Number of protein chains: 2
Amino acid sequence: MPAALDATEKAEIVSRLFAAFRDHGYEGASLADLSRVTGLGKSSLYHHFPRGKEQMAEVVLEQGKAFIQSAVADVAHAPEPLKTRVDKIIAAFNALYAGGKNPCVLGRLSLSDAGPEARKLGQEIFAIWTEAVADLAAESGLSRVQARQFAEDWIARIQGALILSASTGNCGPFERAMKPLSDLAAGPASPVGRAASKRRHPPS
Amino acid sequence: MPAALDATEKAEIVSRLFAAFRDHGYEGASLADLSRVTGLGKSSLYHHFPRGKEQMAEVVLEQGKAFIQSAVADVAHAPEPLKTRVDKIIAAFNALYAGGKNPCVLGRLSLSDAGPEARKLGQEIFAIWTEAVADLAAESGLSRVQARQFAEDWIARIQGALILSASTGNCGPFERAMKPLSDLAAGPASPVGRAASKRRHPPS
DNA sequence: GTCTATAATAGGATAGAC
DNA sequence: GTCTATCCTATTATAGAC
């Protein structure tokens, strides 16, 4: 029974809420679930989050926003070689999504009915994510419009790959989805999709 | 008060359940919601679907499976020019997803906790969808392995684009996601992503 | 800050009349 | 086949002791 909840403990609680919403969605995660995973009674949860489940979802999205800011946006603009920054970002996503085995809490909460504040946060996160990746793409030589489309398409592909692997267990789409970003730092701009180099037979 | 529910009326009910699950997810669509959108009392719903909400989700997925079978798989193997088949499939998805404005009921129900039968149905639908698209890609000249990856990556990109547009309102990612399939029928195999043709400045 | 206990309501599901 | 009425449980949320 800790007298006060220090920053570390608070972060641990939010991290467990994060995993619960990620794995079960907003409507699918009940207060009983959230109580169990955090080890706190319902009343204690309400002590920390007076507005209840909705606020818990918002705090989880705040953590997601902080992740994108620090592990993507800040890294993208760091004074390091492009390849280094790109590799760091890919490593961060590989960890966050466990190589494709974890769903995306942002994708799930964005669709669910978690209230207007959560909605706004989701949009902000996608915006920060998109801008950061677009900056990398532009740096690698794409026009501003192309870079923005590259970013949107790359993020979309990741989100969809996580749905597929959650349903089918196949992480291949997620692994391949990392490649276009990786290719930004290596040679001519590659498209979001895998380069289709070899044809078995030419089109008639 | 119709004496019996003919096939048309049944299809109409399933169609409305489809829209409800698509827009609110499995956990997010309450029996009260489903009762309202179908115009049937709860008891009437249980008359048609004795196993309740879970069965309703399964029936909705059956409809999704039928859609993929008829509008994608059957079309893909029809005796028509490749371009014709591809255009028909794209038109079908444009209608299903309203140009990117509708979420994907398959993507939503696949993640939710709608029971083992629904899970299995989701996997089957993704499998049929993947095989059909892979056949088209192989026909256009890709190797079997490349064709399967093309299909997985294309489907992932669509699923993710629908999440993005649901959150941000931007349908651009969905519209661009259609292009790789369209390109299958026009010239050399294009990748899943947009071809990054022009560089503003060559990589150093 | 955490707990037990409890309210208040919504959710899924059923009974039985018509 | 549909309805009204009801049941039971889970869910969100609060009260108040410690």
Side-chain angles (χ1 to χ4, degrees), chain A residues 1-21 23-61 108-109 112-118, chain B residues 1-61 108-109 112-119:
Chain A
M1 56 193 102
L5 212 59
D6 64 24
T8 304
E9 292 168 295
K10 186 94 178 187
E12 177 64 22
I13 287 174
V14 175
S15 169
R16 300 193 184 207
L17 294 175
F18 184 104
F21 282 125
D23 294 338
H24 305 293
Y26 181 72
E27 291 87 356
S30 70
L31 277 188
D33 292 331
L34 301 173
S35 172
R36 189 172 33 76
V37 301
T38 56
L40 293 174
K42 295 182 191 177
S43 299
S44 299
L45 280 177
Y46 273 92
H47 175 77
H48 295 288
F49 311 101
R51 298 204 334 282
K53 198 171 153 180
E54 204 164 300
Q55 187 176 8
M56 297 182 214
E58 292 165 14
V59 170
V60 162
L61 283 172
R108 292 199 79 154
L109 292 184
S112 63
D113 193 15
E117 184 60 28
Chain B
M1 53 193 96
L5 212 60
D6 63 26
T8 303
E9 290 168 297
K10 185 94 177 187
E12 177 64 22
I13 288 174
V14 174
S15 169
R16 298 194 186 205
L17 294 175
F18 185 104
F21 283 123
R22 178 194 67 198
D23 294 338
H24 305 293
Y26 182 72
E27 291 87 356
S30 70
L31 276 189
D33 292 331
L34 301 173
S35 172
R36 189 171 33 77
V37 300
T38 57
L40 293 174
K42 292 185 190 177
S43 300
S44 298
L45 280 178
Y46 273 91
H47 175 78
H48 294 289
F49 311 101
R51 299 204 332 282
K53 195 170 155 180
E54 206 164 298
Q55 188 175 8
M56 297 183 216
E58 292 164 13
V59 170
V60 161
L61 283 172
R108 292 199 79 154
L109 292 184
S112 63
D113 192 16
E117 183 61 28
R119 231 189 140 57

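Each chain gets a letter, A, B and so on, in the order its sequence line appears, and its residues count up from 1. Quantities reported herein were computed from a predicted structural model and do not represent experimental measurements. Side chains are part of it too, since the values below use all heavy atoms of this structure and drop only hydrogens, waters and symmetry mates.
Considering only heavy atoms from C-beta on, B:Leu31 comes within 4.5 Å of B:Tyr46 through its side chain. With a 4.5 Å cut-off on side-chain heavy atoms, B:Met56 and B:Phe21 count as touching.
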Are any protein N/O atoms closer than 3.5 Å to N/O atoms in nucleotides 15-18 of chain D? If there are, list each pair with its distance.
residue, atom, partner, partner atom, Å
D:dA15, N6, A:Ser43, OG, 2.6

For nucleotides 10-13 of chain C, tabulate all protein N/O to nucleotide N/O atom pairs closer than 3.5 Å, reporting atom names and distance.
residue, atom, partner, partner atom, Å
C:dG12, OP1, B:Lys53, NZ, 2.4
C:dG12, OP2, B:Leu31, N, 2.5
C:dA13, OP2, B:Tyr46, OH, 2.6
C:dA13, OP2, B:Lys53, N, 3.4
C:dA13, O5', B:Tyr46, OH, 2.8

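By the side-chain contact (heavy atoms from CB on, under 4.5 Å) test, B:His48 is found to be paired with B:Leu5, B:Lys10, B:Leu40, residues two or more places apart in sequence or in another chain being considered. The side-chain contact (heavy atoms from CB on, under 4.5 Å) search around B:Asp113 returns B:Glu27, not counting sequence neighbours. Partners of B:Arg119 according to the salt bridge (charged side-chain N to carboxylate O under 4.0 Å, His left out) rule, which considers only residues two or more places apart in sequence or in another chain, do not exist here. Shown here are the side-chain contact (heavy atoms from CB on, under 4.5 Å) partners of A:Arg36, two or more places apart in sequence or in another chain: A:Asp33.
When all heavy atoms are compared, the tightest approach of A:Ala57 to A:Ala114 is CB-CB, 4.4 Å.
In this structure, A:Leu40 places its CG atom 12 Å from P of C:dT4, rounding to the nearest Å. Between the CD atom of B:Gln55 and the P atom of C:dT14 there is a distance of 12 Å, rounded to whole Å.
Listed pair B:His48 / D:dT2 meets the phosphate criterion, a side-chain N or O lying under 4.0 Å from OP1 or OP2.
The distance from atom CZ of B:Arg108 to atom CG of B:Asp23, rounded to the nearest 0.5 Å, is 7.5 Å.
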